[in-house]
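Read through the structure below, which is laid out as structure tokens, and then see the notes.
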Amino acid sequence: MPEASISDLWIRRVYTGRGDVTLEVEVYTEGGYGRAAAPAGASRGKYEVRYLPDGGIEEALSNFEKLVAPELLGMDAAEQAAVDMRLAEIDGTEDFSRIGGAAAIATSMAVARAAATALGMPLYYHLGGALARNVPYPLGNVIGGGKHSRGLGPDVQEILVVPVGADDIYTALDINVRIHRDVLSEILKTDPSFTGGKNDEGAWTPRVSSETALKIVQSVAKAVQREVGAEVRIGVDMAASSLWDGEKYVYRNEGVARGVREQLEYVKALIDRYDLYYVEDPFHEEDFNSFAELCDMYEDRLIVGDDLFVTNAERISIGARMGAATGVIIKPDQRGTLTGAYEAARMAVSRGLTPIASHRSGDTEYELLAHVAVGFGTPIIKAGIMGGERTAKLNELLRIWDDLGRAARMARLR
Ligand code: PGA
Ligand code: ZN
């Protein structure tokens, strides 16, 4: 019997920090134990795996007990790829619509955690081996809108910062927290009635336009950069599939609708005006062509596909062939297994694209994403700045940094 042979599994409903019902799985092995829960998105991509089966959470629970648990008993938790392949076989569909992506990813992650404890090694090491020693730069949203603010904030979903000049993870997180804190007083100068509301991802959510939000974040980022003496860059997640109505990009709060060409011009203007380093989903999830056109003009920026690629190696390969992106969001739950997410990250790297490990807007107190980022070697992690489900991952990066000791270093950016 292998050391990490699975001896018992358990599933229950739990909640994300936003209150979405989700699934948590526990895995017991001969020498170890692991537990993990699936996060939940709000601006989900059309091509992600299905979060729950048609019968919802009840069907996911009963399918796990009837179909999944009996099949995994006795398997070696250390054989992640074999476990993940078995999950896909049990499900039997292309998109996990039978057992649900939430149960699949919670199981896959709990198995990895159990194997690491059984083998007596840190999870990042179990996932990435001796090469897993690069700690990612934290990319976090400071002001947010879109679906994460129920349409009440700016139209652009996220205004982000990344401290690319930080020499260590302690400094990097300090910079992001300072920017988040200092942005409040700038917002109050523009809107004295702002009550300090934050959205699903812990970003401030004032009633200001996207460009006002960008101006505020840009000026505070510059000030903190001067104070700390490390370069800070800014970015956006436009989550453009949420704006797209089938014909135009509708900016509700601005009262503007932009056609395909106008959207391209608008994105270019934002990149130039605010010197954006990072631009996620500037076009809707089918429009590889506009992505490619933008990328052509801004090869030195991170033009990143989230809903475009949905952590799917095949879509990434198509996008890479078209020159549609320079970066790829890696959300393990979009794919349903850690192995699937790993393949997506490998595909990105092999085609010269930067993988970025990412949380979801409805996330949990689990820290596992930090291990995924270090283990898979993603040079950036997108995990917010404020809120317990965000700091769970960010604080874990500090622990990993300390655990690595003298081997620790910040990842290399393009
Ligand atoms: P989510 O989206 O709400 O689906 O998690 C976050 C994102 O667009 O990056
Ligand atoms: Zn996104």
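Fair warning: this is a prediction, and the values are worked out from it, not measured in the lab. Note that ligands are numbered from 1 as they come in the structure, with each ligand's atoms numbered from 1 the same way.
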Sequence-distant partners of E389, side-chain hydrogen bond (donor to acceptor under 3.5 Å, both in side chains), two or more places apart: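 Counting only residues at least two positions away or on another chain, E389 forms no side-chain hydrogen bond (donor to acceptor under 3.5 Å, both in side chains).
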Is the shortest N/O to N/O distance between [X] and ligand 1 below 3.5 Å?
{"X": "E280", "answer": "yes"}
{"X": "A40", "answer": "no"}
{"X": "S361", "answer": "yes"}

Location of contacts on D200 toward ligand 1, heavy atoms closer than 4.0 Å: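 No part of D200 comes within reach of ligand 1.
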Proximity of D306 to ligand 1 by residue part, where a heavy atom lies under 4.0 Å: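 Side chain only.
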Side chain to side chain contact (heavy atoms under 4.5 Å, CB included) between Y298 and T326, intermediate numbers included: CA-CA 9 Å; Y298 297 100; T326 54; over 6 Å; no
[X] bridged to [Y] by N-O distance under 4.0 Å:
{"X": "K382", "Y": "E280", "value": "yes"}
{"X": "E211", "Y": "R273", "value": "yes"}
{"X": "R335", "Y": "E343", "value": "no"}
{"X": "D275", "Y": "R301", "value": "yes"}
{"X": "E367", "Y": "R113", "value": "yes"}
{"X": "K46", "Y": "E286", "value": "yes"}

Chi angles and distances behind the side chain to side chain contact (heavy atoms under 4.5 Å, CB included) call for D363, T16: CA-CA 5 Å; D363 217 299; T16 71; 5.9 Å; no
Cation-aromatic face contact R233/Y278, 6.0 Å, 45 degrees: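 Judged by the rule (NZ or CZ under 6.0 Å from the ring centre, within 45° of its axis), R233 is not positioned above Y278.
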4.0 Å heavy-atom contact, S43 with ligand 1: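 S43: in contact with ligand 1 (<4.0 Å).
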Any K147 heavy atom less than 4.0 Å to ligand 1: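 No; K147 lies far enough from ligand 1 that no heavy-atom distance drops under 4.0 Å.
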Ring geometry between Y28 and Y33 (parallel below 30°, tilted from 30 to 60°, perpendicular above 60°):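 Rings of Y33 and Y28: tilted, 30 to 60°.
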Suppose I only count heavy atoms of [X] and a 4.0 Å limit; which atoms of ligand 1 are within that range?
{"X": "D237", "value": "7 (C), 8 (O), 9 (O)"}
{"X": "H148", "value": "1 (P), 2 (O), 3 (O), 6 (C)"}
{"X": "R44", "value": "4 (O)"}

Shortest heavy-atom approach to atom 7 (C) of ligand 1 - which of H359, K331, R360: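 Shortest heavy-atom distance from atom 7 (C) of ligand 1: K331.
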Residue and atom, protein N/O/S, under 2.8 Å of the Zn ion (ligand 2):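 Less than 2.8 Å away from the Zn ion (ligand 2) sit D237 OD2, E280 OE2, D306 OD2.
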